[in-house]
Amino acid sequence: MESMRLSYIQIINDENMANNNINLQNAKDLRDDEFYTTYESIEEELAHYSSHFLGKTILCNCDDPFESNFCKYFIANFARLGLKRLICTSYKGSKVISTKYKLLDANNRRLSRKHGYVLDIKDEIVPCKELALESIETWLLENKPIQKLKGDGDFLSDECLSYLHQADIIVTNPPFSKFKEMVSVLVAANKKYLLVGNQNSLTYKEIFPLIQQNLAWTGYRFGDMKFRVPADSAPRKTRFWIDESGQKWRSLGNAMWLTNLDIDKKHQWLPLVKKYSPEEYPTYDNYPAINVKRVVDIPADYPGIMGVPITILGKYNPDQFEIVGEANHGSDNEFDLFKPLVNGKLLFKRILIRLKKNQNEEETYV
């Protein structure tokens with residue numbers, strides 16, 4: 001197991017050593033790295049994946065059973081989805097343990113904030129009908145399907161990697177600062193997954209080639225999502241509010257789901273109605289590609305490379321488009337080909353695409 005853990009950590013060590021300043025900043029902003037996905041957001045997205053869950057073991061590996069709505073969703077819908085097993089691992093420092101409850105695990109060991117803990121349930125202990133959402137906490141307390149972990153519950157720990165290897169599909173909202181590490185681990189373990197993240201992560205060198213090679217794609221929700229945040233979260237001027245119960249909230253305009261589970265959305269063609277003209281679509285100053293201001297403005301008849309907003313990845317169909325690279329600083333990674341300059345003006349990052357077929361599929365561009 002130690003060698004397995006080391007092999008995963010090796011995937012990310014080189015980059016971590018080269019990004020100490022980023023890591024320090026991440027540590028400084030740790031309290032703003034906790035975004036709790038709402039039950040409604042989970043229910044809305046996962047409704048499209050029911051066929052994937054039948055007979056499967058699901059792992060939520062960044063999820064406190066008492067706090068995480070991922071855990072609550074899968075417990076509430078365990079029977080309906082036909083799950084084989086549900087595993088949820090929690091990181092140490094739970095706000096529930098030692099504050100709201102004095103809990104004993106299934107082996108009568110006292111749970112503490114110094115250790116992580118794991119929920120591990122199989123179909124034989126789950127009611128044959130759906131559990132009401134408001135009954136889940138009581139059910140957990142009565143059935144004690146939770147065990148104390150030896151360590152802190154870090155998803156890179158030996159214990160959590162062991163659970164990962166027992167799972168078929170990983171579904172979670174990892175800390176955004178750990179998103180690329182999470183994806184690297186799942187790719188190395190050849191696992192299916194469905195993750196909540198930030199759209200900016202799509203251009204990371206660990207993730208962009210997965211999109212480019214049709215090994216991962218975005219889910220249904222691509223844009224605005226609201227999240228519960230901890231009580232000590234710093235107020236923001238925008239996209240921040242406190243509800244009548246005192247709960248703090250933030251919303252993100254660039255949230256998304258990332259998955260490698262096949263979904264209908266991935267195969268939907270984007271309607272293209274515009275025609276190319278050199279006046280409307282200028283060529284970049286420093287690269288033979290045209291600039292497209294909006295995704296809806298992609299011309300149906302242009303056979304060359306086009307720079308489009310990153311939101312194309314929320315509508316990307318690999319049968320319709322080829323991803324050539326990106327244009328940002330021209331030096332971020334091997335996929336970042338140039339700075340997107342038009343008439344000397346630097347534009348926001350662009351995804352470089354090329355049409356595989358025209359709108360009527362009458363011609364294939366080569």
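Along the sequence shown, the residues carry numbers beginning at 1. Bear in mind that the values here come from a model prediction, so they are computed numbers and not experimental data.
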* Flag this pair as yes if the NZ/CZ of Lys148 is under 6.0 angstrom from the six-membered ring centre of Tyr117 and inside a 45 degree cone about the axis; otherwise no. =>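 Not flagged: Lys148 not positioned over aromatic ring of Tyr117.
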[X] and [Y]: side chain donor to acceptor below 3.5 Å:
X      : Y      : result
Thr38  : Ser41  : yes
Asn69  : Thr37  : no
Tyr36  : Asn173 : no
Trp217 : Asn260 : no
His267 : Asp262 : yes

A side-chain contact here means heavy atoms from C-beta on lying under 4.5 Å apart; do [X] and [Y] qualify?
X      : Y      : value
Tyr91  : Cys62  : no
Phe74  : Leu46  : yes
Phe155 : Thr89  : no
Ser50  : Leu81  : yes
Thr259 : Tyr49  : yes
Thr57  : Ile87  : yes
Trp241 : Lys226 : yes

* To do: With salt bridge (charged side-chain N to carboxylate O under 4.0 Å, His left out) as the test, would you mind laying out the steps for Glu322 and Lys356 before giving the verdict?
  => CA-CA 6 Å; Glu322 171 195 359; Lys356 286 186 174 180; over 6 Å; no
Please report the shortest heavy-atom distance between [X] and [Y], naming the atom on each side.
X      : Y      : result
Tyr220 : Lys265 : OH-N, 3.3 Å
Asn328 : Pro340 : O-CD, 3.3 Å
Pro299 : Leu272 : O-CD1, 4.3 Å
Leu313 : Thr218 : O-OG1, 2.7 Å

* Evaluate salt bridge (charged side-chain N to carboxylate O under 4.0 Å, His left out) for Asp154 paired with Lys178, printing each intermediate quantity in order. => CA-CA 11 Å; Asp154 187 324; Lys178 299 291 185 181; over 6 Å; no
* To do: Verify side-chain contact (heavy atoms from CB on, under 4.5 Å) between Lys339 and Leu346, making sure each step is shown before the conclusion.
  => CA-CA 7 Å; Lys339 290 183 178 181; Leu346 180 63; 4.0 Å; yes
* Is it the case that more than 12 heavy atoms not belonging to Lys72 sit under 6.0 Å from its NZ atom? -> yes
Between [X] and [Y], is there shared hydrophobic-cluster membership here, with clusters defined by ILVMFWY side-chain heavy atoms closer than 4.5 Å?
X      : Y      : result
Phe53  : Tyr39  : yes
Ile170 : Leu210 : yes
Leu156 : Ile207 : yes

* Parallel, tilted or perpendicular: rings of Phe338 and Tyr287 (30°, 60°) -> parallel
* Asked: Quick one: side-chain hydrogen bond (donor to acceptor under 3.5 Å, both in side chains) partners of Glu280, sequence neighbours excluded?
  ->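 side-chain hydrogen bond (donor to acceptor under 3.5 Å, both in side chains) check on Glu280 returns Lys274.
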* For Asn61, all residues meeting side-chain hydrogen bond (donor to acceptor under 3.5 Å, both in side chains), sequence neighbours excluded ->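 If we apply the side-chain hydrogen bond (donor to acceptor under 3.5 Å, both in side chains) test to Asn61, skipping adjacent residues, there are no hits.
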* Asked: Which distance, rounded to the nearest 0.5 Å, do you find between the CG of Asp297 and the CE of Met306?
  ->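 CE of Met306 is found 11.5 Å from CG of Asp297.
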* Asked: How many angstroms lie between OG1 in Thr172 and CE in Met182, if you round to the nearest 0.5 Å?
  -> 5.5 Å
Flag the pair [X] and [Y] as a salt bridge only when some basic side-chain nitrogen lies within less than 4.0 angstrom of an acidic carboxylate oxygen.
X      : Y      : result
Arg239 : Asp224 : yes
Arg221 : Glu44  : yes
Lys192 : Asp168 : no

* Can you check side-chain contact (heavy atoms from CB on, under 4.5 Å) on Tyr302 and Leu355, steps first, answer last? -> CA-CA 8 Å; Tyr302 188 76; Leu355 282 170; 5.6 Å; no
* Could you give me the CA-CA distance, side-chain angles and deciding distance for Ile242 and Trp249, then say whether side-chain contact (heavy atoms from CB on, under 4.5 Å) is met? => CA-CA 6 Å; Ile242 303 175; Trp249 294 84; over 6 Å; no
* **Sequence neighbours excluded - side-chain hydrogen bond (donor to acceptor under 3.5 Å, both in side chains) pairs with any residue from residues 194-203** => Asn198-Asn200, Asn198-Asn254, Thr203-Lys349
* Do Val187 and Leu215 pass the side-chain contact (heavy atoms from CB on, under 4.5 Å) test, and can you show the C-alpha distance, the side-chain angles, and the key distance before you say yes or no? -> CA-CA 9 Å; Val187 170; Leu215 298 175; over 6 Å; no
